[in-house]
There are 2 protein chains.
Amino acid sequence: MHADTNDARRQPSWECVDLAAEVLSLLSDPTRIRIVLALHHDEELPVNALAELVGKKPSGVSQHLARLRMARMVTTRQEGTSVLYRLTDEHAVALVVEAIRQAEHAVANGQIPPHHHTPRS
Amino acid sequence: MHADTNDARRQPSWECVDLAAEVLSLLSDPTRIRIVLALHHDEELPVNALAELVGKKPSGVSQHLARLRMARMVTTRQEGTSVLYRLTDEHAVALVVEAIRQAEHAVANGQIPPHHHTPRS
DNA sequence: TTAGTATCTGCGTATGCATGCAGATACTAA
DNA sequence: TTAGTATCTGCATGCATACGCAGATACTAA
């Protein structure tokens, strides 16, 4: 494969950093996180069911799914009028689970923003 | 015990999803990713050095560092006039590395648009 | 004084959400 | 069979908000 910039162990190329930022940005939305978690549980779901699960309008959920689809995080399968969405792999879930772990860790340590400076009178 | 929203679903509580979204949002910026990677490589760095490494103004880097500090992802140590920044743990790096892996995976599988607007093929 | 860092403000851009609408498909009645 | 209707999905628009960046300012330590 294209192993020209295979420096995942060292400092990854800055171009790859932008890609990673895009990936993290995709998963930085609560609605999309819920979509990923819902698909992790139910394997295959149409837009309507996902919209109800995450508590958003179907049209909005469709937009979110379009993004996840563009990033190859979900795949689709047509079934009548419905389009069943499914996770492409476990990478997205792994990322979300890691983020949740980090969030719980931060909460456990007390997430009070420590001001390094004298705040303000 | 207090019955959370974890009634029938084994998924993380929805409140935690918002926290995870904030964590991922923190890491969804290329500059902050570079900061995390730089600190992973050099262990301890002042604002000026980080600013030069990531190619941004020190004031902007300081703002990014303030965010990472609020999220307990970095800790500070004063040394003279400089403030040395250091990663709190490896969680942030793990998240970034996972994202980079996912990005490379997506690239290997096809195309991931740097910007989410496809030019009407 | 100088050097280093932190915070504030304005500007431009990006994002999420709700609304509305259009195309596609399934179903029912005659 | 055809005609009509309902449902589902996807796309475009407008609005409000958040974000990143650059510049200027304030504060601290040597």
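Chain identifiers are assigned alphabetically (A, B, ...) following the order of the sequence lines, protein sequences preceding nucleic acid strands; residue numbering begins at 1 within each chain. Side-chain atoms are counted along with the backbone in the values below, which use heavy atoms only and exclude waters and symmetry mates.
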Check: Could B/Arg101 and B/Glu98 be called an ion pair, given the rule that one side-chain N must be under 4.0 Å from one carboxylate O?
Finding: yes

Next item on the list: Using whole Å, report how far CD of B/Gln78 lies from C1' of C/dG4.
Entry: 10 Å

Next item on the list: Scan every strand shown for a Watson-Crick or G-U wobble partner of D/dA29, both distances under 3.5 Å, and answer none if you come up empty.
Entry: C/dT2

Item checked: Atom-to-atom span, CG of A/Leu68 to P of C/dG16 - whole angstrom -> 10 Å

Checklist line | Members of residues 25-33 of chain B that approach DNA chain D, where some heavy atom sits under 4.0 Å away | finding: B/Asp29, B/Thr31, B/Arg32

Next item on the list: For B/Arg67, answer base if it contacts any base atom (sugar-phosphate contacts may also be present), sugar-phosphate if it contacts only those atoms, and nothing otherwise; contact means non-hydrogen atoms under 4.0 Å.
Entry: sugar-phosphate

Next item on the list: Pick base, sugar-phosphate or nothing for B/Pro58, based on heavy-atom distances below 4.0 Å to the nucleic acid.
Entry: nothing

Item checked: A/Asp29/A/Arg34 ion pair, N-O < 4.0 Å -> no

Margin query: Counting the atoms with a prime plus P, OP1 and OP2 as sugar-phosphate, which does B/Ser62 contact under 4.0 Å by heavy atoms, base, sugar-phosphate, or nothing?
Written below: base

Checklist line | B/Gln78 side chain to B/Gly80 backbone, donor-acceptor under 3.5 Å | finding: yes

Note to self: For the residue pair B/Thr76 / B/Arg69, report whether a side-chain donor-acceptor contact shorter than 3.5 Å exists.
What the structure shows: no

Notebook entry, point to check: Using a cut-off of less than 4.0 Å, is there contact between a side-chain N or O of A/Lys56 and OP1 or OP2 of C/dC17?
Noted result: yes

Check: Within the pair A/Lys57 and C/dT19, is there a side-chain N or O less than 4.0 Å away from OP1 or OP2?
Finding: yes

Notebook entry, point to check: Rounded to the Å, how far apart are B/Glu52 CD and C/dG4 P?
Noted result: 11 Å

